[in-house]
Amino acid sequence: PEPVVYEAEDATITNGVVESNHVGFTGRGFVNYDNVVGSAVEWTVNATTAGPATVELRYANGTTANRAMDVSVNGTVVSPGLAFAGTGAWTTWQTRTITVNLVAGSNKIKAVATTANGGPNVDKLATS
Ligand code: GCU
């Protein structure tokens, strides 16, 4: 299916701020996760049918440290400690893709930082 884009700046943010000072994002900006364990972004994602879906997260990490996050779907961690390695610069955006099972209708997809550095800067999530 055609990708459906969900901007991070439109999602539910826990311990993070919307910023736009590093070019290359889509929409109005990106989420700068606070540099703490547990900072998070939660998207509400629609699925027309139940079953596997491709979830692509677009991010930048201008450091050399992995900013790992736990990714959960509807409250269950499905991708623990997913790596978000350095991208070389805060203006260099890359994608990380996982396959998850969604229910038909509304789903909650949450990416929670697991290290004291917090998450990377996250631009958007896309499902397909
Ligand atoms: C810098 C950068 C931010 C980033 C932060 C971090 O301050 O400008 O965009 O989020 O580092 O280390 O998390």
Side-chain angles (χ1 to χ4, degrees):
E2 283 295 295
V4 181
V5 172
Y6 301 89
E7 293 292 343
E9 62 270 27
D10 297 327
T12 300
I13 301 163
T14 304
N15 295 327
V17 289
V18 176
E19 291 181 339
S20 56
N21 58 326
H22 299 299
V23 296
F25 56 82
T26 64
R28 303 186 314 281
F30 54 85
V31 172
N32 171 354
Y33 281 65
D34 291 352
N35 301 121
V36 293
V37 172
S39 50
V41 175
E42 183 178 64
W43 290 265
T44 302
V45 165
N46 188 63
T48 48
T49 56
T54 298
V55 170
E56 181 184 272
L57 286 159
R58 187 165 189 261
Y59 78 101
N61 175 0
T63 77
T64 54
N66 171 25
R67 298 247 176 139
M69 298 198 286
D70 285 344
V71 179
S72 67
V73 175
N74 299 325
T76 300
V77 176
V78 295
S79 194
L82 185 66
F84 290 86
T87 58
W90 292 110
T91 50
T92 300
W93 301 85
Q94 292 182 359
T95 57
R96 198 82 173 81
T97 301
I98 58 174
T99 301
V100 302
N101 276 307
L102 299 180
V103 298
S106 182
N107 292 264
K108 300 285 189 189
I109 300 180
K110 190 171 189 179
V112 184
T114 62
T115 79
N117 290 325
N121 289 348
V122 174
D123 180 32
K124 63 182 170 185
L125 178 155
T127 58
S128 58

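From a predicted model like this one, the values you see are computed outputs, not experimental measurements. The chain is numbered in sequence order, starting from 1. All heavy atoms count here, side chains included; hydrogens, waters and symmetry mates do not. Start at 1 and go down the list; that is how both ligands and their atoms are numbered.
For the pair T87/W93, no side-chain contact is recorded, criterion being any heavy-atom separation below 4.5 Å from C-beta on. With a 4.5 Å cut-off on side-chain heavy atoms, V73 and N101 do not count as touching.
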Item to check | Pair N121-R67, side chain to side chain contact (heavy atoms under 4.5 Å, CB included): steps then yes or no | outcome: CA-CA 10 Å; N121 289 348; R67 298 247 176 139; 5.8 Å; no
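The closest protein non-hydrogen atom to atom 12 (O) of ligand 1 is R67 NH2, 2.9 Å. For atom 11 (O) of ligand 1, the closest heavy atom belonging to the protein is W90 CZ2, 3.5 Å. Looking only at heavy atoms of the protein, atom 2 (C) of ligand 1 is closest to H22 NE2, 3.5 Å.
Of all heavy-atom pairs spanning V112 and A40, the tightest one is CG2-CB, 3.9 Å.
Within the listing of ligand 1, atoms 3 (C), 4 (C), 9 (O), 10 (O) sit less than 4.0 angstrom from a heavy atom of N121. Close contacts of ligand 1 with N35, meaning ligand atoms under 4.0 Å from a residue heavy atom, involve 6 (C), 12 (O), 13 (O).
Residues R28 and D10 are paired through a salt bridge, judged by an N-O separation under 4.0 Å between the basic side chain and the carboxylate.
Under the 4.0 angstrom criterion, atom 9 (O) of ligand 1 counts as having a protein heavy-atom contact.
Of the possible polar contacts, one joining the N107 side chain to the G105 backbone as a donor-acceptor pair under 3.5 Å is found.
When the options N117, V17, N21, N32 are ranked by their closest heavy atom to atom 3 (C) of ligand 1, first place goes to N32.
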